[in-house]
Structures are given as C-alpha cells and as structure tokens.
Amino acid sequence: MSIRKEKLFTTGEFADLCKVNKQTLIYYDQIGLLAPIMKDEKGYRYYSIAQYEFFSVIELLKAVGMTLKEIQEYMANKSPENFSDLMRLQKEVVSKKRQELEMIENMILVKSKLIEEALDIEFDKTSLEYLPECTMYLSDTIENSTEEQFVAAVSDFIEELYRAQLDSGYPIGGMTKKENVLKGDYSNYSYLYMEQPNPREGHPYFKAVGGSFLVGYHIGTADTISSTYERLLSYMQQHGYCLGQYVYEEYIYDAVLKNREEEYVTKIMMEVTTNEKG
C-alpha cells in the first residue's frame, strides 16, 4: 500500500493561491495567526492546501470588520460551537453593512437626480408650481433660538439622521412659519427638515401640504436673502395670492458644488392660497 504524500506550497505559491503578497503570510506567521505547516532547515516556510480554508476564514473575518487581535482571540479558543456563534454574529454585522450600503446608494441616486434637475432651472425665474404632498422628518422646534442653540440643533439633527439611518440624500431645509415671514423674520426657522420618500415606522414625521407654491431662487449669501423674500412676497400680492402656513427653504447649490458663498443658490417655496378678495 502506498502512502500519498501531501503537496506542500512554498510561501510564494501559497501567496499566489490566496491572492496576497508574501509579506502578509510572513506577518501572520510572526504574530502567530497562521503558521506554516512546516519550516525546513533553511527557514523556508511551507503550507498545505488544508490551510487555504483557514486563511479564507481569516480574510472573511477581516472583511466584516474584525481586527487581527480579535481574530487571534477567537483562534485561541476555537471550537465548532464558538465558530457557529461567531458566524451568526458576523451575519448580523453583514446585514447592517448591507443596509448602510443600500442607504448610501439611494443617497447617491437622489443627489445625482437633484443636480441633473438643477442644471435646467432658470434661477432668475419666479413661478407658481404644484408640489405634491411629501413626508418630512423634522428636528425639534428651533423657533426663536439663539445662534448657539441653532448650531447645536443642526448638529443634533444631523446626528439623529445618521443614527436612525434617515439621511435620504435630500437637502436639509428650514421651515418658517407664515407669521415670521410676514414680519420679515425670514431666518427664524421653526424646524429643520429632510424629505423622506420612503418613511419607516417608528419615527415621527410631518406630511408637508401639497398644493400651489410660489417658487423662487436666491443667489448669494444668507445676509442678502431678504431681498429675494421681498421680491417673492411682492409677486404674491400682485397676483392675488395669500401666504400659506409655512415657507420652505433649501440649498440647490452649496459648498459641495460652489467654492464661493456668493454663488450658492437657495430654493424658496412659499405655500400660497387664492386671495378671495383679489
């Protein structure tokens, strides 16, 4: 009866098999993570085909975010039961990563669509448009907040969007009550908002009123936006409209697309109703 001799791979051959460089295998050996099956008298390392599966598991665990130290800790206490528990845990990690990637993909699609639409906008034009009802995620009330409170509210809102995975890719906007707009307090926002095309259960949402909106664009800094508001309010009165409950404001072009704040573009959407006396 003949004894089958196992084929051994040199470090270079095994590295090619695993699609890594030799230094990776040498490092794994040095830290005791994956030692060669044997070393000859000259110090040359040799690996067996059975170790390929071992290497694959190491790369799998790295791919889902485990550090080499964490992998070493598992390898020091490996067993079928521990491996089963580890795989179950990593499945949950992968599922969460998949959700995050899907959210990122949706954000990219939305931002691309918005930019393509913006390229066709005539920013010097004022128009009456029908906007369909949409669902928005709102911040806590920020009306009459100080500058310090406003900065904190923006930070909290962005953090909540990230934590709850509610960043849909749409711009963060500001909602201002009719009363504040009519008295010229244009930047006294009541809420921050972000549109949610696919709202999920378990989160408080606000359904924006669909209908007729007077839409205009402000080019420049926030310091000069009052002139655009005054122009829109004048247009509204001239055409016999009354201001609705809220005015919505959001960037079309911001620091992502323009280097100079003077070139930023803000979209202003004024909910309007027909003036019965007009």
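Throughout, residue positions are numbered sequentially from 1 according to the sequence presented. Only heavy atoms go into these numbers, but all of them, side chains included; no hydrogens, no water, no symmetry mates.
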Flag side-chain contact, heavy atom, 4.5 Å: [X] against [Y]:
X	Y	result
Asp185	Val181	no
Gln51	Leu34	yes
Glu13	Tyr46	no
Leu214	Tyr235	yes
Glu230	Tyr186	yes
Ile26	Gln23	yes
Asp167	Tyr162	no
Phe123	Ile252	yes

Residue pair [X] / [Y]: nearest heavy atoms and the distance that separates them:
X	Y	answer
Glu250	Gly173	CB-CA, 4.0 Å
Ala15	Asn21	CB-C, 4.0 Å
Tyr44	Asp40	N-OD1, 2.9 Å

So, [X] and [Y], do they make that salt bridge, N to O below 4.0 Å?
X	Y	value
Asp16	Lys22	no
Lys113	Glu116	no
Lys97	Glu100	no

*Determine the interplanar angle of the Tyr246 and Tyr248 rings, folded into 0 to 90°, and report it as parallel if under 30°, tilted if 30 to 60°, perpendicular if over 60°.*
tilted

*Do the ring planes of Phe14 and Phe9 sit parallel (below 30°), tilted (30 to 60°) or perpendicular (above 60°)?*
tilted

*Mind checking side chain to side chain contact (heavy atoms under 4.5 Å, CB included) for Phe150 and listing every partner two or more places apart, or none if nothing turns up?*
Ile142, Ser145, Val154, Tyr189, Leu192

*Residues in side chain to side chain contact (heavy atoms under 4.5 Å, CB included) with Asn106, at least two apart?*
Leu109

Taking side chain to side chain donor-acceptor pair (under 3.5 Å) as the definition, give me every residue that meets it alongside [X], ordered by chain and number, with sequence neighbours left out.
X	value
Tyr217	none
Ser56	none
Arg163	Glu160

*Begin with the C-alpha distance, continue with both residues' side-chain angles, and end with the deciding distance and a verdict on side-chain hydrogen bond (donor to acceptor under 3.5 Å, both in side chains) for Ser227 and His218.*
CA-CA 9 Å; Ser227 62; His218 171 69; 4.8 Å; no

*salt bridge (charged side-chain N to carboxylate O under 4.0 Å, His left out): which pairs involve residues 141-159, sequence neighbours left out?*
Glu143-Lys177

*Using modelled atom types only, decide if a donor and an acceptor are shared between the side chain of Glu271 and the backbone of Lys178 within a distance under 3.5 Å.*
no

*asked:* Before you tell me yes or no, could you show the steps for Asn77 and Asn82 under side-chain hydrogen bond (donor to acceptor under 3.5 Å, both in side chains), namely the whole-Å CA-CA distance, both residues' side-chain angles and the distance that decides it to 0.1 Å?
replied: CA-CA 8 Å; Asn77 299 281; Asn82 287 346; 6.0 Å; no

Please determine whether residues [X] and [Y] belong to a single hydrophobic cluster, defined as Ile, Leu, Val, Met, Phe, Trp and Tyr linked transitively by side-chain heavy-atom distances below 4.5 Å.
X	Y	value
Leu243	Val209	no
Ile172	Tyr251	no
Val93	Tyr74	no

_Ring center gap for Phe206 and Tyr193 short of 6.0 angstrom_ = no

*Tyr47 ring center near Phe54 ring center (under 6.0 Å)*: no

